[in-house]
Amino acid sequence: MDSGLLVLRLVVGILIAGHGVQKVSFRLGGNGLAGGTEEFRRDGFRGGRLTALVAGGSQIGAGLFLAAGLLTPLAAMAAMGVMTVAGTVKWHKGLWVQNDGYEYPLVLVTVAAVLALTGAGRWSLDRLLGAASWPLWTSLAAIVVGPASGLLTRALLGHAPAAAPVADGR
């Protein structure tokens, strides 16, 4: 079981962190902070650069903490929050990823919830620091607060997507 948790944490954590790197830099195929800012505007968010920085930083931090198995319920909560926001962007396109739907964010939210419940396993920084076992209430709180914070973020920062520019530049 510990081997499986290690592989799961590493793959999912690194993917979530990589997604954050793309939001704020030109690394891993990203379009830099300006590109991340524009992506959030297109997706119907206000807040400009700060929104992109906070989202990217949250994804990087949550992903690296999950990969390391450090403060796992809190890392899972943050991952669930940012991936819930991603799901809200894709919600109107339906479930399946081939239609740019919310399937992938839903999988990541689910994996983060499972890690909050199971813990990071033997090969983790939580275990090394003596916090291998978290109280159940901590995991349940993370599972509720993570997605709720994502929905709240969308409600507070969301606005109607900007209209497409007219061909003559007006």
Side-chain angles (χ1 to χ4, degrees), residues 4-25 27-30 33 35-37 39-41 43-91 97 102-158:
L5 288 172
L6 175 64
V7 169
L8 185 65
R9 281 192 355 258
L10 288 174
V11 170
V12 170
I14 290 169
L15 287 174
I16 291 172
H19 196 70
V21 167
Q22 291 177 324
K23 295 280 185 268
V24 298
S25 76
R27 304 271 184 206
L28 305 177
L33 183 56
T37 300
E39 178 184 346
F40 278 100
R41 284 191 185 123
D43 288 341
F45 288 92
R46 29 176 210 253
R49 293 172 68 102
L50 182 60
T51 300
L53 278 171
V54 170
S58 296
Q59 290 171 335
I60 293 167
L64 292 178
F65 274 57
L66 277 179
L70 179 61
L71 303 174
T72 302
L74 295 175
M77 180 181 70
M80 286 184 278
V82 295
M83 296 319 300
T84 296
V85 172
T88 68
V89 170
K90 297 174 175 297
W91 183 259
V97 74
Y102 62 92
E103 173 186 4
Y104 184 61
L106 178 60
V107 168
L108 293 177
V109 167
T110 303
V111 169
V114 168
L115 288 171
L117 289 168
T118 62
R122 183 180 345 167
W123 298 313
S124 68
L125 290 179
D126 280 349
R127 171 81 182 245
L128 185 67
L129 298 172
S133 179
W134 293 87
L136 179 60
W137 71 265
T138 306
S139 301
L140 295 176
I143 291 169
V144 170
V145 172
S149 69
L151 294 173
L152 182 61
T153 298
R154 181 62 176 188
L156 293 175
L157 294 180

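A donor-acceptor contact shorter than 3.5 Å is absent between the side chain of S25 and the backbone of Q22. No donor-acceptor pair under 3.5 Å is formed between the side chain of R154 and the backbone N or O of A86.
Closest non-hydrogen pair, G158 versus R46, comes out as O-NH1, 3.4 Å. Of all heavy-atom pairs between F65 and A75, the closest is CB-CB, 3.5 Å. Looking at every heavy atom in both residues, L66 comes nearest to A79 through CD1-CB, 3.8 Å. The shortest non-hydrogen separation linking S139 to A116 is OG-O, 2.5 Å. Of all heavy-atom pairs spanning V24 and A52, the tightest one is CG1-O, 3.7 Å. Here the closest heavy-atom approach between residue S149 and residue G81 is recorded as OG-CA, 3.9 Å.
Two residues are said to be in side-chain contact when any heavy atoms from C-beta on lie closer than 4.5 Å; L15 and L108 fail this criterion.
Among pairs with a residue in residues 50-61, none fulfils side-chain hydrogen bond (donor to acceptor under 3.5 Å, both in side chains), at least two apart in sequence or across chains. For residues 119-136, every residue pair satisfying the side-chain hydrogen bond (donor to acceptor under 3.5 Å, both in side chains) rule, not counting sequence neighbours, is listed here: D2-R122, T72-D126, D126-W134.
Atoms CG and CE, from L106 and M83 in turn, are 10.0 Å apart once rounded to the nearest 0.5 Å. Put simply, CG on L152 and CG on L157 are 9.0 Å apart, with the number rounded to the nearest 0.5 Å. Atom CE of M80 sits about 9.5 Å away from atom OG1 of T110, to the nearest 0.5 Å. L33 contributes atom CG, which lies 4.0 Å from atom OG1 of T37 (distance to the nearest 0.5 angstrom). A distance of 8.0 Å separates CG in L125 from CZ in R9, rounded to the nearest 0.5 Å.
A cation-pi arrangement is not found for R49 relative to F40, the charged atom failing to lie both closer than 6.0 Å to the ring centre and inside a 45° cone about the ring normal.
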Between T153 and T84, is the side-chain contact (heavy atoms from CB on, under 4.5 Å) condition met? List the steps. CA-CA 10 Å; T153 298; T84 296; over 6 Å; no

Please evaluate residues L136 and L117 with respect to the criterion side-chain contact (heavy atoms from CB on, under 4.5 Å), reporting the C-alpha separation (whole Å), side-chain torsions for both, the decisive distance (0.1 Å), and the verdict. CA-CA 7 Å; L136 179 60; L117 289 168; 4.2 Å; yes

